[in-house]
Amino acid sequence: GRGRGWGHLPRLGARAAAAMSLPPLFLLLLLFLLLGAGGLRAADAMEELATEQEAEESHRQDSVSLLTFILLLTLTILTIWLFKHRRVRFLHETGLAMIYGLIVGVILRYGTPSTSGHDKPFSCSQEDRPFTTLLVNVSGKFFEYTLKGEISPGKIHNVEQNDMLRKVTFDPEVFFNILLPPIIFHAGYSLKKRHFFRNLGSILAYAFLGTAVSCFIIGNLMYGVVKLMKLVGQLSGKFYYTDCLLFGAIISATDPVTVLAIFNELHADVDLYALLFGESVLNDAVAIVLSSSIVAYQPTGENTHAFDAAAFFKSVGVFLGIFSGSFMMGAVTGVVTALISFFFTKLHCFPLLETALFFLMSWSTFLLAEACGFTGVVAVLFCGITQAHYTYNNLSVESRSRTKQLFEVLHFLAENFIFSYMGLALFTFQKHIFSPVFIIGAFVAIFLGRAAHIYPLSFLLNLGRRHKISWNFQHMMMFSGLRGAMAFALAIRDTATYSHQMMFSTTLLIVFFTVWIVGGGTTPMLSWLNIRVGVDPDQDPPPTNDNSERRNRTKQESAWLFRLWYSFDHNYLKPILTHSGPPLTTTLPSWCGLVAHCLTSPQVYDNQEQLREEDSDFILNDGDLTVTYGDTTITANGSSGPHTATTSLDGRRTKSNSEEALERDLGAADHEVTSRGTRLVFPLEDNA
């Protein structure tokens, strides 16, 4: 037994030894796992730290890029003050902003080193279209990438490696949604209505018909240039006829900001100022809708760029639909804002809230139009005109001053920001395509398009104008066809294709040339053309010796241009939407008395200065306005007198002999407007 027991001892010792050796193995394995996990955690920690450092570096670069533009604007403002102090007029503030932008662009392009070199192309040959968002699996972790645009195969290795240059390149939507709305709204809100409406017919002709003529002339001439480039081997990509028309629409958007600023400073002729300003305001709206219509041109045949009558008329319908819809949306939004300020009169006690509400309603017009498929530029323009005509009268005195100053400051900063970015983009934009043949052809086409726009239309308009558009005015308008913020914003909005990149680069050079050369030559051109300066904006043109010429006004022109709209607006819309104008109880029939009392604000009866409304001077001077209430005639300067009128047995008001004589003599004496008890008497101008 002992032998058998002792015989098992070695085997028991081996088992015991094996059992005793298991814990160290487990410990080693556990230690290995812990070290591995610790290594993974360390690697993750290092990766997180690197990610945080990249995020911090990106945040720092964002701050530097924004600081760069703020310093540019600050330097521009200080130099503007110096120029104004020294009365320097050869260079406008926008041209100055472009120069500073060019200097900073050169520094960023050639003075900052490349900070990233990790771009690596991946092939997705199985996909037939690009994705807006791409999820990439990198070692089990998914990363999200967004689409920035197409890169031609020849430039795959020339992708921008400088993070700073990438940061200062803004998304084109920033220009449309943030920078353009205050510029366009300010143009409508600060409109000098008197001279604008006196020349409304000519302004509409230049803005609508003239822009369309200029677009098609430039487009067809540039198509010939493109064919020439193809023959001489200067065209390395696709350039269709519709692209040429799109370029014509883009470059037809005039922005004579330099000329108008000099006109305003020198107090140049008010009618010339009104023609140029009105054309540029409406011209931007027409150009952007025209470009949208050209993009919507889609023929149904195999050749998608051939002429198709159905597609052409569809584009015309798109133009009319977008423009009219945008116009209605802007006007309706302005009326809604006027109603809000009309009914919520207690907002007068809180000017800050009143101004904030006005600002938000105005800006939302642009975004609402874009969201509904219309054009925000057109909507916000007519919203500004409507706000100035109605809502402005309902604001408190402090809010009126605040809104004027707020949008003036926003307009100034946004416009100079865009021009600074233009100078910067010449060196920071990475998709430039400069073609000397295309650039020279574009300058020639613009000159011919502007000439065909101004001179023939001026000839036709002078056939119906009493105050003719003189030759020196026409030459000045021809000279003042500058290109600016709108053309740049339209060109940079789509730079995905070869043709659009070439159009953007050419547009940039055209803006530079017109702002610097044409803008700088404005003052000498005014002197050379003998255009009068130092004119009071409220002064009428000098009277002619022929009194019969002043009186030779047809009844049809008086009725359609002034009587119908101004009488209806003054007698009905103004009392409903504002706290000014004649009470509805005096303009509506007697059987509408209850409705008239409900819709008329009590402040209308208490307001002793209601006839001296700021917008009344867009047709007449204060002394020319006479409003008759019952048997009393009240003039705008406060005087009153008896008025003879009779009332029939059925309550209807009959005309006096003087009224009948005035109506018989329409076109041969002072013209009047009679509308249900309210009579407006004013001399009418013939500047259709």
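Positions are given from 1, in the same order as the sequence printed here.
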| request: Could you walk me through whether Ser362 and Gln387 pass the side chain to side chain contact (heavy atoms under 4.5 Å, CB included) test, one step at a time? | output: CA-CA 8 Å; Ser362 303; Gln387 300 270 44; 3.1 Å; yes

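- Here the side chains of Met361 and Thr365 are not in contact, with every heavy-atom distance at 4.5 Å or above.
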| task | Would you please test Arg493 and Glu173 for side chain to side chain contact (heavy atoms under 4.5 Å, CB included) and show each step? | result | CA-CA 7 Å; Arg493 196 172 192 180; Glu173 294 302 317; 3.7 Å; yes

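- Atoms OG and CD, on Ser341 and Glu354 in that order, are 7.0 Å from each other to the nearest 0.5 Å.
- The structure places CG of Leu413 at 10.0 Å from CD1 of Ile70, a figure rounded to the nearest 0.5 Å.
- Proximity of a side-chain donor or acceptor of Asn283 to a complementary backbone N or O of Ser252 within less than 3.5 Å is detected.
- A centroid separation of 6.0 Å or more is found between the aromatic rings of Phe263 and Phe277.
- Side chain of Asn393 to main chain of Leu395: no donor-acceptor pair is present (N/O by atom type, distance under 3.5 Å, no hydrogens or angles).
- Between the side chain of Arg450 and the backbone N or O of Ser214, no donor-acceptor pair lies under 3.5 Å.
- Between Thr391 and Thr386, every side-chain heavy-atom pair lies at or beyond the 4.5 Å cut-off.
- Ile288 is not listed as a side-chain neighbour of Phe323, based on a closest heavy-atom distance of 4.5 Å or more.
- The aromatic rings of Phe327 and Phe382 sit perpendicular, their planes meeting at an angle over 60°, well past the 30° parallel limit.
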| task | Apply the test side chain to side chain contact (heavy atoms under 4.5 Å, CB included) to residues Leu235 and Tyr498: give CA-CA distance (whole Å), side-chain angles for both, the deciding distance (0.1 Å), then the verdict. | result | CA-CA 10 Å; Leu235 196 66; Tyr498 169 84; 3.8 Å; yes

| task | Check the pair Ile439 / Phe513 against side chain to side chain contact (heavy atoms under 4.5 Å, CB included), numbers first and verdict last. | result | CA-CA 12 Å; Ile439 293 170; Phe513 179 84; over 6 Å; no

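- Centroid-to-centroid, the aromatic rings of Phe434 and His432 come within less than 6.0 Å.
- Shortest non-hydrogen contact noted between Leu102 and Gly423 is CD2-O, 3.4 Å.
- Side-chain atoms of Trp516 come within 3.5 Å of backbone atoms of Gly95 as a donor-acceptor pair (strictly under, hydrogens ignored).
- A donor-acceptor pair under 3.5 Å is absent between the side-chain atoms of Ser401 and the main chain of Val397, judged by distance alone.
- At least one side-chain heavy atom of Val226 sits less than 4.5 Å from a side-chain heavy atom of Cys244.
- Between Ile433 and Ser505 the shortest heavy-atom distance is N-OG, 3.1 Å.
- Legend: residues meeting side chain to side chain contact (heavy atoms under 4.5 Å, CB included) with Leu245, ordered by chain and number and at least two apart, are Phe216, Tyr241, Ile294.
- Crowding of Met328 atom CE: a count of heavy atoms from other residues, nucleotides or ligands under 6.0 Å not exceeding 12.
- The CZ atom of Phe196 sits 5.0 Å away from the CG atom of Leu191 when rounded to the nearest 0.5 Å.
- Side chain of Thr514 to backbone of Leu482: no donor-acceptor contact under 3.5 angstrom is found.
- Remark: side-chain polar atoms of Thr522 are paired, donor with acceptor, to backbone N or O of Gly519 under 3.5 angstrom.
- Using cut-offs of 30° and 60° for the angle between ring planes, the His411 and His186 rings count as parallel.
- A salt bridge does not link Glu408 to Arg402: none of the charged side-chain nitrogens sits closer than 4.0 Å to a carboxylate oxygen.
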Tell me which donor-acceptor pairs under 3.5 Å the side chains of residues 414-421 have, and how far apart each pair is, sequence neighbours excluded?
{"residue": "Asn416", "atom": "ND2", "partner": "Phe412", "partner atom": "O", "Å": "2.8"}
{"residue": "Ser420", "atom": "OG", "partner": "Asn416", "partner atom": "O", "Å": "2.9"}
{"residue": "Tyr421", "atom": "OH", "partner": "Phe170", "partner atom": "N", "Å": "3.0"}

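- Looking at Phe512 and Met422, their side chains come closer than 4.5 Å, going by heavy atoms from C-beta outward.
- Counting only N and O atoms by type, the side chains of Thr76 and Glu93 include no donor and acceptor under 3.5 Å apart.
- Contact between Gly105 and Leu424 at its shortest, heavy atoms only, is N-CD1, 3.3 Å.
- Taking OG1 from Thr211 and CG from Leu282, the interatomic distance works out to 9.0 Å, rounded to the nearest 0.5 Å.
- Within the structure, every pair that satisfies the side-chain hydrogen bond (donor to acceptor under 3.5 Å, both in side chains) test and touches residues 95-104, not counting sequence neighbours, is listed here: Thr79-Tyr100.
- Panel note: side chain Arg483, backbone Ile510; no donor-acceptor pair is recorded below 3.5 Å.
- Aromatic ring pairs are classed by plane angle as parallel below 30°, tilted from 30° to 60° and perpendicular above 60°; the pair Phe407 and Phe185 is tilted.
- We find the CZ-OG1 distance between Arg400 and Thr355 to be 12.0 Å, quoted to the nearest 0.5 Å.
- The two residues Ala285 and Val378 come nearest to each other via the heavy atoms CB-CG2, 3.5 Å.
- Residues Leu246 and Thr242 form no side-chain contact, since every pair of their non-hydrogen atoms from C-beta on lies 4.5 Å or further apart.
- Here Phe239 and Phe438 bring their ring centres to under 6.0 angstrom of each other.
- In this structure, Ile251 CD1 and Ser291 OG are separated by 12.0 Å, a value rounded to the nearest 0.5 Å.
- Closest non-hydrogen pair, Thr337 versus Phe358, comes out as CG2-CD1, 4.4 Å.
- Counting heavy atoms from C-beta outward, Phe504 and Phe429 have side chains that approach closer than 4.5 Å.
- Residue-environment remark: CD (Glu56) stays at or below the threshold of 12 foreign heavy atoms within 6.0 Å.
- Side chains of Ser435 and Met229 form a contact here, defined as non-hydrogen atoms less than 4.5 Å apart.
- Across Leu180, Ile250, Asp255, a single residue satisfies side chain to side chain contact (heavy atoms under 4.5 Å, CB included) together with Met486, and that is Leu180.
- A donor-acceptor pair under 3.5 Å is formed between the side chain of Ser396 and the backbone N or O of Ser399.
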| request: Output, in order, the C-alpha distance, side-chain angles, deciding distance and verdict of ring-ring contact (aromatic ring centres under 6.0 Å, His included) for Phe175 and Phe488. | output: CA-CA 10 Å; Phe175 294 97; Phe488 173 79; 5.6 Å; yes

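- The environment of Phe344 atom CZ is sparse: at most 12 non-hydrogen atoms of other residues, nucleotides or ligands sit within 6.0 angstrom.
- Across every non-hydrogen atom of Ala496 and Asp494, the tightest pair is N-OD1, 3.3 Å.
- For the pair Lys404 (side chain) and Tyr189 (backbone), a donor-acceptor distance under 3.5 Å is present.
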